[in-house]
Amino acid sequence: MIGQGEDKEGQKSIEQAILEYLEALYGYAMSLARNPVEAEDLVQETYLRAIKGARRSMPTGDLKAWLFRILRNIWINQRRRAQGSELLLGIDIEGLESESEWTVKNQQRPDTIFEQGLLRENIRIALESLPEAFREVIVLRCMEGFSYSQIAEILGCPVGTVMSRINRARAELRRRLNKWADGFCGK
Amino acid sequence: MDFVGSRRAVNEHVIYQIPLYVDNELQGDEQRLFEAHINACASCWAALEYERRLILAIHQARPLYATPEGLREKVEQILQNHQPISKRFSSRTRRIFVATTVVLGLMLAWFIARPTHIPLVRPSEFALVAVDTHQRYTRNQLPLEVISSSPEEISTWFAGKLPFNLKLPNYPEDLNQSKPYEIVGARLIGFKHDYAAHVVYRLHNRPISLVVTSETIAQPSGGEKIPWQGLLFHFDVINGWKVLTWSDKGLTYALVSDFEEHGQASCVVCHSGGQDQHKFEGLKFR
Ligand SMILES: [Zn+2]
């Protein structure tokens, strides 16, 4: 079985190393596909391509980012095929107001939401309600801890784009969570 | 940034830099200016605290989705069936590869030497079954169950069907290099109340059968014994077919071909030197 310790040199095999990211990849796949069956397929296809790729040449650099990039490419290609036209992830964020949510109201009561307890379920609902491109960067940055440059690599876009997208995604998330907090507090 | 500029910047709210700061993406002067302002500005400090808590709450919400039961097993299966051959493939795969290569090399030596006499030692039952399998395949009496030139696909197809684990080697690794031999496909065959693997290769358009079973089920015997690199090969000619059997790492193999029968001109094993010889050297494990 895979996962039975390490080899003689004390190094993990590539199989063991990439298997460690299974949960993270599934989470990312769910954030893109929002469908457990599709997400599972995406993850399996990712591992298949990863191990085939590793056979041709061992990946250099960050293994986790490499796996995420593979998964994302598969997803984008599937979407392209399904839609029969060029897909631009992020096209759904153009209409959204940017960086508009740092209001005085927020600053005066920064703790309110957290005092009430920001439950996992609320975060999940808020995240799922975000446009895909925003949801994606929040997952990559806040959940998986990728740096901006790693995210740029995964997304295949400039770091500046990542920066502004994360800003806008967080602003949008704050806005949605504030709405929830307003409802919760009856304000 | 000059000193005057820095003074001015300290007095500007830094709200829009908060996500960058929280994400450790501010450095040098930018970071120092940000911290200087935060320490002096209650509203930016409050916003920073808010952002920190938000990020922490999001991070702590991980994982949002439980990984489905069984997914790990499915992925493990995928990985097992696609072990990279380069640096860390299993010792068994490596040995199969070495053995196959050695055997093909032996066939070269053997066919060039043209032995006219094989000792009259009764061939093993496994060798007889292997020859029978190959013969029926060449007569189209034994259709393959999986047609593929991909060793991974064939290995995947065998996974779970055999009482042992079989991984076919892939050579050469470099996709741009032409393969000296190719896989045609495979099927299961019955041998002693269990399944054995039958894999058909093609070398210069000529079929070669590789039959594999467990060493506990069959042990090679008979024919001409040739020790080679720690393995003992048994050569035999059965009904005009050439068969080599050997055991390695718990598995027993039989390789059957008809090189002599099909003449020499098109056969790599009969060529000495030149391009084909080079190809044969390419078969050797590095
Ligand atoms: Zn301020």
Side-chain angles (χ1 to χ4, degrees), chain A residues 1-3 7 11 13-15 18-19 22-24 26-27 29-31 36 39-40 43-44 47-48 50-52 54-58 99 102 104 106-111 113-114 118-124 127-128 138-139 141-145 147-148 163 166-167 170-171 173-174 177, chain B residues 13 15-20 22-25 41-68 70-91 150-152 156 170 173-176:
Chain A
M1 287 297 279
I2 292 162
D7 69 11
Q11 285 177 288
S13 69
I14 182 76
E15 290 87 354
I18 61 180
L19 203 52
L22 179 71
E23 282 78 16
Y26 181 75
M30 272 298 286
S31 78
E40 222 180 299
V43 170
Q44 290 187 55
Y47 275 103
L48 184 63
I51 199 66
K52 280 183 174 175
R55 177 209 298 274
R56 286 192 292 276
S57 64
M58 289 294 282
E99 307 189 29
W102 284 110
V104 174
N106 281 346
Q107 292 163 44
Q108 283 172 339
R109 48 187 266 293
D111 288 351
I113 285 174
F114 305 104
L118 193 51
L119 303 175
R120 171 179 296 165
E121 191 58 11
N122 302 118
I123 290 180
R124 189 184 61 74
L127 265 179
E128 285 184 346
I138 295 282
V139 167
R141 175 58 219 155
C142 304
M143 295 206 148
E144 298 307 331
S147 69
Y148 286 18
M163 214 175 269
I166 287 178
N167 260 337
R170 286 228 191 103
L173 189 65
R174 280 193 297 271
L177 288 170
Chain B
H13 286 308
I15 276 171
Y16 296 116
Q17 284 186 317
I18 285 173
L20 292 175
V22 171
D23 290 340
N24 295 317
E25 299 281 344
C41 174
S43 83
C44 282
W45 182 85
L48 173 64
E49 276 305 290
Y50 177 98
E51 188 74 0
R52 275 186 174 145
R53 284 164 181 247
L54 173 66
I55 299 307
L56 187 66
I58 294 172
H59 190 73
Q60 285 173 345
R62 186 181 183 274
L64 285 182
Y65 310 99
T67 308
L71 179 58
R72 179 169 287 270
E73 283 69 31
K74 286 177 194 167
V75 169
E76 281 183 343
Q77 193 65 47
I78 289 168
L79 296 181
Q80 279 194 330
N81 292 334
H82 293 82
Q83 302 244 348
I85 202 165
S86 55
K87 287 179 184 158
R88 357 183 122 262
F89 60 140
S90 74
S91 62
S150 153
E152 304 99 73
T156 306
N170 186 25
E173 297 164 58
D174 187 348
L175 294 174
N176 297 322

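Protein chains get the first letters and strands the later ones, always in sequence-line order, with residue 1 at the start of each.
Heavy-atom distances place no part of Ala29(A) under 4.5 Å from chain B, backbone and side chain included. For a residue to count as touching a neighbouring chain, one of its non-hydrogen atoms must lie under 4.5 Å from one of that chain's; by this rule Glu128(A) touches chain B with the side chain only. For Leu48(A), the parts lying near chain B are the backbone and the side chain together; criterion is any non-hydrogen pair under 4.5 Å. Looking at Ala66(B), only its backbone comes within 4.5 Å of chain A, counting heavy atoms on both sides.
Interface summary for chain A: among Asp23(B), Leu20(B), Leu56(B), the most heavy-atom pairs under 4.5 angstrom belong to Asp23(B). Ranked by non-hydrogen atom pairs under 4.5 Å with chain B, the options Glu144(A), Met30(A), Arg141(A) are led by Arg141(A).
Between Leu19(A) and Tyr47(A) the shortest heavy-atom distance is CA-OH, 3.7 Å. Heavy atoms only, all atoms of each residue included: Glu25(B) and Tyr148(A) are closest at OE2-N, 2.9 Å. Of all heavy-atom pairs between Glu15(A) and Leu79(B), the closest is O-CD1, 3.7 Å. Among all heavy-atom pairs drawn from His59(B) and Cys142(A), the shortest one is ND1-O, 3.0 Å.
Residues Leu127(A) and Met143(A) are in side-chain contact: their nearest non-hydrogen atoms beyond the backbone lie under 4.5 Å apart.
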